[in-house]
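One structure is given here, and the rest of the page talks about it.
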Amino acid sequence: MPLAIRIHQPGGPEVMCWEEVAVGDPGPGEARVRHEAVGLNYIDVYHRNGLYPLPLPAGLGMEGAGVVEAVGAGVLDLRPGDRVAYAGGPVGAYSQVRCLPADRLLKMPERLDFQTAAAMMLQGLTSAYLLRRTYRVQPGDVVLIHAAAGGVGLIACQWAKALGATVIGTVSNEVKAALAMAHGCDHIIYYSREDVAGRVREITGGEGVAVVYDGVGKDTFMGSLDSLRTRGMMVSFGNASGPVAPFDPILLSQKGSIFITRPTLMHYIAKRDELLELGAELFAVVTSGQVKIEVNQTYALSDAATAHRDLEARKTTGSTILLP
Ligand code: NDP
């Protein structure tokens with residue numbers, strides 16, 4: 001029987017079990033995929049520790065790349081042998097083989113290898129909707145991207161730069177700063193020891209940024225609001241440091257009639273057409289070389305616990321993959 005990571009209770013990395021799972025034939029509208037590589041994402045931590053609760057027992061993982069083994073009734077556009085990649089639900093990518101809805105799969109461009117595809121789908125589609133849909137970055141915009149050397153960070157910084165923006169990135173140390181600078185950042189702020197909003201005002205001549213992309217959450221939220229220009233856009237899209245505390249909406253008026261949104265990828269790719277369009281935009285910037293995918297950590301899937309520990313300890317940079 002194939003193996004998969006499963007959890008029977010929420011908790012630390014130790015709750016992940018490597019166990020046999022029954023994977024039958026794909027049902028109507030499904031495909032069975034044998035994974036060649038699986039992507040690691042921060043949402044996997046929230047699923048594991050219960051911040052985003054799952055019905056238990058549960059699989060983990062939202063992203064993978066592999067080969068179609070079989071398709072169920074009604075699946076007309078995929079065949080056994082097709083190379084596919086995906087991101088988003090349903091959870092369960094931490095597995096050697098799985099069945100999932102065929103309409104969630106994208107055929108991989110020929111030039112893309114499985115490891116790159118598994119590394120880029122979730123963080124890349126996220127960067128795509130953040131920069132191209134939630135707030136459409138324009139040439140000349142100054143943008144602030146938190147955790148610039150992380151998975152989403154390295155992709156989003158390169159992409160924002162390619163769109164003609166001036167990119168300010170935040171990081172926790174010098175090694176990450178060098179990496180972020182090599183991937184699109186024009187300015188770096190060390191957010192653990194510098195006043196982010198103060199530095200942003202210095203860099204922008206007092207004006208503030210057009211948009212903040214904040215996946216860090218609790219620790220950065222107020223500094224992000226204070227970094228915006230009048231009528232700027234706050235995009236709060238994650239909680240790596242913990243969830244954002246409740247706040248009074250009058251703050252948005254006081255800080256310059258600013259906008260705030262708290263989006264999730266799932267609502268930007270819910271329809272098949274949206275997924276295909278966003279996927280095409282992502283594949284285009286990667287295959288053209290405008291955005292380079294940095295797979296900086298690789299672990300055995302059976303050792304996902306170590307990968308989670310390293311991610312939570314801020315030891316990783318760029319993207320991370322798990323090999324089944
Ligand atoms: P990253 O690779 O960016 O890892 C998280 C990074 O956050 C760390 O490397 C660290 O960088 C920074 N960080 C700051 N404070 C903390 C802390 N207290 N604990 C841990 N890390 C911290 O992860 P991802 O690229 O996978 O995801 C980035 C964020 O985006 C996450 O919050 C994730 O949930 C969110 N996300 C949201 C999506 C959506 O649609 N809403 C989709 C995809 C991701 P440093 O050391 O430089 O501070």
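Sequential numbering from 1 along the given sequence is applied to the chain's residues. Atoms within each ligand, like the ligands themselves, are counted from 1 in listed order.
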Q.
Quick one, Arg32 with Glu30, criterion salt bridge (Lys or Arg N to Asp or Glu O under 4.0 Å). Give me CA distance, side-chain angles, the key distance, then yes/no.
A. CA-CA 7 Å; Arg32 192 172 69 226; Glu30 287 188 338; over 6 Å; no
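- Taking the six-membered ring for Trp and thresholds of 30 and 60 degrees, Tyr191 and His146 have nearly parallel ring planes, at less than 30 degrees apart.
- Residues Glu63 and Arg104 are not paired through a salt bridge, judged by the lack of any N-O separation under 4.0 Å between the basic side chain and the carboxylate.
- For atom 8 (C) of ligand 1, the closest non-hydrogen atom of the protein is Arg314 CG, 4.1 Å.
- Nearest protein neighbour of atom 39 (C) of ligand 1, counting heavy atoms only, is Tyr129 OH, 3.3 Å.
- The option with the heavy atom closest to atom 24 (P) of ligand 1, from among Gln123, His146, His267, is Gln123.
- Residue contacts with ligand 1 for Leu265 involve both N, CA, C or O and side-chain atoms from C-beta outward (heavy atoms, distance under 4.0 Å).
- In this structure, atom 47 (O) of ligand 1 lies nearest to the protein heavy atom Ser172 N, 3.1 Å.
- The aromatic rings of Tyr129 and Tyr268 sit parallel to each other, their planes meeting at less than 30°, with 60° as the upper class boundary.
- Looking from atom 37 (C) of ligand 1 to the surrounding protein, the closest heavy atom is Phe237 O, 2.8 Å.
- By the criterion of a heavy-atom distance under 4.0 Å, the backbone of Pro263, and not its side chain, is placed next to ligand 1.
- Here the heavy atom of the protein found nearest to atom 2 (O) of ligand 1 is Gly151 N, 2.8 Å.
- Under the 4.5 Å side-chain criterion, counting only non-hydrogen atoms from C-beta, Leu154 is not in contact with Gln123.
- Side-chain contact check for Val196 versus Leu144: some heavy-atom pair is nearer than 4.5 Å.
- A salt bridge links Lys161 and Asp186; the closest N-O separation between the charged side-chain nitrogens and carboxylate oxygens is under 4.0 Å.
- Per-residue contacts place Leu122 under 4.0 angstrom from the following atoms of ligand 1 (heavy atoms of the residue considered): 42 (C), 43 (C).
- By the 4.0 Å N-to-carboxylate-O rule, Glu277 lies too far from Arg132 to be salt-bridged with it.
- The ring of Tyr135 has its center no closer than 6.0 angstrom to the ring center of Tyr213.
- Protein heavy atom at the shortest distance from atom 34 (O) of ligand 1 is Tyr46 CE1, 2.9 Å.
- Each of the following atoms of ligand 1 lies closer than 4.0 Å to a heavy atom of Asn239: 32 (O).
- Under 4.0 Å from ligand 1, heavy atoms of Val152 appear from its side chain as well as its backbone.
- With respect to the salt-bridge test (charged N to carboxylate O, under 4.0 angstrom), the residues Glu274 and Arg272 do not qualify.
- Scanning the protein heavy atoms around atom 23 (O) of ligand 1, the nearest turns out to be Tyr42 CD1, 3.7 Å.
- For atom 18 (N) of ligand 1, the closest non-hydrogen atom on the protein side is Ser241 CA, 3.5 Å.
- The closest approach between a heavy atom of Lys315 and any atom of ligand 1 is not below 4.0 Å.
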